[in-house]
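In each ligand, atom 1 is the first atom listed, and ligand 1 is the first ligand listed.
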Amino acid sequence: DVAPGTPARVIDDAYGPDRAFEVMTWEVSEEAPLRDTPLGPPEALPHNPVADPDLANAETHKLTFDGGAMGGMAEAMMEGRMLSMQELVEAGRFWSINGTVPTRLHETEPLLKLAKGKTHRITLENRTRWPHPIHLHGHSFQFTDPRAGNIATFRDTALLMPDETTEIALVADNPGKWMLHCHILEHQASGMMGVVEVA
Ligand SMILES: [Cu+2]
């Protein structure tokens with residue numbers, strides 16, 4: 001029970017206690033409640049139709065994320081040429097996935113080709129000094145390591161902290177060419193994006 005007029009602060013400390021910031025402050029109104037009694041519990045949702053990964057019979061893959069300030073990236077492939085970090089910075093493309101920097105996404109070779117209908121375990125390795133929320137289109141995945149988050153939860157984005165490595169698993173049941181990219185859009189636009197093909 002919170003007394004009317006008592007402020008409650010909402011703090012976002014996802015990036016650690018030293019980077020916590022206040023999102024909003026709210027307080028309970030002095031006005032009468034809208035209802036005499038609270039609503040009942042919500043109705044149960046239908047069963048989630050997303051297929052559970054079969055971890056014991058999975059194909060394994062790896063994606064490495066490189067680049068940015070204070071990182072170790074020395075060079076990367078762009079448009080079929082190996083460019084130095086200096087050249088990449090001058091081109092405004094200083095993030096890479098598996099050593100490649102796409103420019104025209106629809107023409108680039110997929111980062112991964114996933115066999116349709118199978119379970120795939122994908123290691124995500126962040127070799128940069130920056131956090132990256134890595135977002136995959138077309139599929140929902142689970143973490144395989146409970147240290148990364150509740151492994152029962154299906155997600156479309158994995159937040160990789162600096163130098164963090166984790167593994168995701170999914171059933172590739174949605175054919176097509178799907179974007180995979182950092183959801184910090186400046187990072188996406190400057191190279192941290194690619195295509196995952198399911199066929
Ligand atoms: Cu990023």
Side-chain angles (χ1 to χ4, degrees), residues 11-21 23 60-79 81-114 120-145 147-151 153-170 172 174 176-198:
I11 309 291
D12 184 344
D13 62 355
Y15 292 104
D18 54 332
R19 296 197 194 177
F21 61 94
V23 179
T60 57
H61 312 269
K62 186 167 188 184
L63 294 173
T64 56
F65 301 87
D66 275 291
M70 302 175 288
M73 184 166 84
E75 57 187 17
M77 285 289 284
M78 188 171 89
E79 296 182 344
R81 290 201 305 132
M82 189 62 84
L83 299 187
S84 69
M85 188 61 175
Q86 176 73 32
E87 291 171 306
L88 291 165
V89 168
E90 286 165 8
R93 299 284 162 82
F94 33 79
W95 303 99
S96 69
I97 308 177
N98 285 5
T100 64
V101 181
T103 49
R104 291 179 297 275
L105 201 59
H106 58 291
E107 295 174 3
T108 48
E109 186 68 11
L111 293 165
L112 302 176
K113 293 182 177 177
L114 305 182
H120 300 271
R121 301 173 70 143
I122 306 168
T123 298
L124 305 176
E125 181 181 357
N126 179 8
R127 296 182 185 165
T128 81
R129 300 297 306 135
W130 302 83
H132 302 289
I134 301 301
H135 176 52
L136 174 65
H137 291 213
H139 293 79
S140 300
F141 56 79
Q142 292 177 318
F143 289 124
T144 60
D145 183 342
R147 286 173 299 178
N150 183 346
I151 60 173
T153 303
F154 284 99
R155 306 159 191 275
D156 63 15
T157 304
L159 176 59
L160 298 179
M161 298 308 278
D163 296 315
E164 183 180 4
T165 297
T166 194
E167 185 188 64
I168 62 172
L170 59 88
N174 197 0
K177 290 182 175 177
W178 298 105
M179 273 192 78
L180 175 132
H181 62 92
C182 179
H183 228 304
I184 296 172
L185 298 184
E186 296 93 324
H187 295 179
Q188 172 184 358
S190 48
M192 195 171 278
M193 62 176 165
V195 169
V196 173
E197 182 170 11
V198 174

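Side chains of Glu197 and Leu111 form no contact here, defined as non-hydrogen atoms less than 4.5 Å apart. Contact check for Met73 versus Leu88: side-chain heavy atoms found under the 4.5 Å cut-off.
In this structure, His187 has its ring center no closer than 6.0 Å to that of His181.
In terms of modelled atom types and a separation under 3.5 Å, the side chain of Asp66 and the main chain of Ala74 share no donor-acceptor contact. Between the side chain of Asn98 and the backbone N or O of Thr64, at least one donor-acceptor pair lies under 3.5 Å.
Protein N/O/S atoms nearer than 2.8 Å to the Cu ion (ligand 1) total 3.
Remark: Trp130 CH2 is loosely packed, at most 12 non-hydrogen atoms of other residues, nucleotides or ligands lying under 6.0 Å away.
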